[in-house]
Amino acid sequence: MLTRLPPWVEVGAFLLAFLAGSVNAVGLLGFSHQSVSHLTGTSSLLGLALADLAISDAIHLLLTLFSFLAGAALSGLLITSTALKLGRHYGFPC
């Protein structure tokens, strides 16, 4: 049951994607080449570290990926409701 999204949702989605990419690019280029958002930059750097056989960098990036995934899994366990509720404070697990 797919319907067309309202235009403001599409604009918001594009804006969020652009901002996330911008933040990651600034972090990657400006802060000792460390990605700062999600997994895409970190996994790219992990691939480069593995290709260069930089084992200590690869371990650091692998632990960064694992920490992100573990935090996401823990959040999923703590927030048990699957329904999105407007006005709910998702910063608290109850």
Quiz item: Looking only at heavy atoms, which two atoms of Leu61 and Thr42 are closest? And how far apart?
Solution: O-CG2, 3.7 Å

Self-check item: Value rounded to 0.5 Å, distance of CG in Leu45 from CG in Leu65
Solution: 9.5 Å

Quiz item: Can you list every pair that meets salt bridge (charged side-chain N to carboxylate O under 4.0 Å, His left out) and has a residue in residues 6-18, with sequence neighbours left out?
Solution: Arg4-Glu10

Practice problem: Could you tell me the separation between the OG atom of Ser67 and the CG atom of Leu74, rounded to the nearest 0.5 Å? | Solution: 12.0 Å

Quiz prompt | By side-chain contact (heavy atoms from CB on, under 4.5 Å) - contacts of Leu50 (at least two apart) | solution = Leu46, Ala58

Quiz item: Can you list every pair that meets salt bridge (charged side-chain N to carboxylate O under 4.0 Å, His left out) and has a residue in residues 55-77, with sequence neighbours left out?
Solution: none

Quiz item: Linking Ile, Leu, Val, Met, Phe, Trp and Tyr by side-chain heavy atoms under 4.5 Å, what else ends up with Ile59?
Solution: Ile55, Leu63

Quiz item: How does the hydrophobic cluster around Phe66 look, that is, which other residues are in it when side-chain heavy atoms under 4.5 Å mark a link?
Solution: none

Practice problem: Check side-chain contact (heavy atoms from CB on, under 4.5 Å) between Val11 and all other residues, then give those that pass, not counting sequence neighbours. | Solution: none

